[in-house]
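Taking it in order: structure first as structure tokens, then the write-up.
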Amino acid sequence: LDLAQHILIFHFSDVMDPESVVSTGNIALQNSASNPIVRYVLTAGGTESSPGFKILLNLSDSDINAIKGRPDLASSRDTTYLTMTAEFVSDTVGTAVRGIVSNSALVASA
């Protein structure tokens with residue numbers, strides 16, 4: 001997550017199809033790996049990525065402002081965890097990504 005650049009970068013073990021990206025309602029940031037006190041679901045975003053192992057998601061101004069307005073969220077690596085639904089993106093043969101649920105969120109890496 002790079003709030004200054006308004007981007008969220010995802011790395012996958014398979015080649016993903018950026019045309020399948022549906023970020024609205026399918027990506028959330030939360031302040032802990034499980035039982036979060038603060039959680040924010042993205043409301044917009046898009047990508048200009050090519051098919052590959054990396055998807056760069058451009059975050060909307062409203063999402064950036066909402067995240068920045070929550071001091072206990074995404075202020076450090078310790079407060080930046082990610083969840084996603086299987087509807088977020090598919091690989092190039094149409095297989096949906098495996099979702100990450102709220103009680104097993106992944107810490108953002110630097």
Side-chain angles (χ1 to χ4, degrees):
L1 174 65
D2 186 332
L3 293 176
Q5 297 295 317
H6 293 204
I7 59 172
L8 184 55
I9 301 171
F10 297 85
H11 296 273
F12 298 95
S13 60
D14 202 354
V15 177
M16 304 312 283
D17 177 9
E19 292 184 18
S20 70
V21 169
V22 179
S23 60
T24 302
N26 291 317
I27 301 294
L29 296 173
Q30 59 189 50
N31 69 332
S32 64
S34 63
N35 302 316
I37 295 170
V38 180
R39 187 168 194 270
Y40 181 76
V41 179
L42 297 183
T43 62
T47 185
E48 298 172 10
S49 297
S50 299
F53 295 99
K54 180 169 70 171
I55 296 286
L56 187 146
L57 187 67
N58 299 306
L59 301 174
S60 69
D61 289 341
S62 61
D63 284 336
I64 290 294
N65 291 334
I67 293 165
K68 287 181 176 179
R70 291 166 169 80
D72 294 331
L73 179 65
S75 59
S76 70
R77 187 167 185 220
D78 292 337
T79 61
T80 310
Y81 291 80
L82 177 112
T83 67
M84 71 175 119
T85 69
E87 290 78 24
F88 168 54
V89 67
S90 300
D91 66 16
T92 54
V93 296
T95 305
V97 69
R98 186 180 338 174
I100 303 168
V101 297
S102 180
N103 283 333
S104 298
L106 296 180
V107 67
S109 60

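Below, each value reflects all heavy atoms present in this structure, side chains not excepted, and no hydrogens, waters or symmetry copies.
V89 has its side chain within reach of V21: a pair of non-hydrogen atoms, C-beta onward, lies under 4.5 Å apart.
The distance from atom OH of Y81 to atom CD1 of I100, rounded to the nearest 0.5 Å, is 13.0 Å. Distance check, rounded to the nearest 0.5 Å: CD1 of I55 to CD of E48 gives 12.0 Å. Residue M16 holds its CE atom at 11.5 Å from OG1 of T47, rounded to the nearest 0.5 Å. Taking CD1 of I27 as the start and CG of L8 as the end, the distance is 7.0 Å to the nearest 0.5 Å. One distance of note links CZ of F88 with CG of L82; it measures 8.0 Å at 0.5 Å rounding. One distance of note links CG of L59 with CD of Q5; it measures 11.0 Å at 0.5 Å rounding.
If you chain together hydrophobic residues whose side chains sit under 4.5 Å apart, L73 and I9 never meet in one group. Following chains of ILVMFWY side-chain contacts shorter than 4.5 Å, one can reach I37 starting from I67, so the two form part of one hydrophobic cluster. Under the 4.5 Å side-chain contact rule for hydrophobic residues, L106 and L56 do not share a cluster. When the side chains of ILVMFWY residues are joined at heavy-atom separations under 4.5 Å, either directly or via intervening members, V41 and V38 end up in two distinct hydrophobic clusters.
Residues H6 and L3 share a closest heavy-atom pair of CD2-O, 3.0 Å. Heavy atoms only, all atoms of each residue included: R98 and M84 are closest at O-CG, 4.5 Å. The nearest pair of heavy atoms linking R77 to V107 is O-CG2, 3.4 Å. Looking at every heavy atom in both residues, S23 comes nearest to G46 through OG-N, 4.4 Å. Between V15 and P51 the shortest heavy-atom distance is CG1-C, 4.1 Å. The two residues L57 and G45 make their nearest non-hydrogen contact at CD1-C, 4.0 Å.
Partners of A44 under the side chain to side chain contact (heavy atoms under 4.5 Å, CB included) rule, at least two apart in sequence or in another chain, are S60, D63. In terms of the side chain to side chain contact (heavy atoms under 4.5 Å, CB included) criterion, residue partners of S76 (sequence neighbours excluded) are, by chain and number, D78, T79. Applying the side chain to side chain contact (heavy atoms under 4.5 Å, CB included) rule to S90 yields the partners S20, A96; only residues at least two apart in sequence or on another chain are considered.
The environment of K68 atom NZ is dense: over 12 non-hydrogen atoms of other residues, nucleotides or ligands sit within 6.0 angstrom.
Using modelled atom types and a 3.5 Å distance limit, the side chains of T83 and Q30 yield no donor-acceptor pair.
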Candidate pair V22 and E87, rule side chain to side chain contact (heavy atoms under 4.5 Å, CB included), full reasoning: CA-CA 7 Å; V22 179; E87 290 78 24; 5.7 Å; no
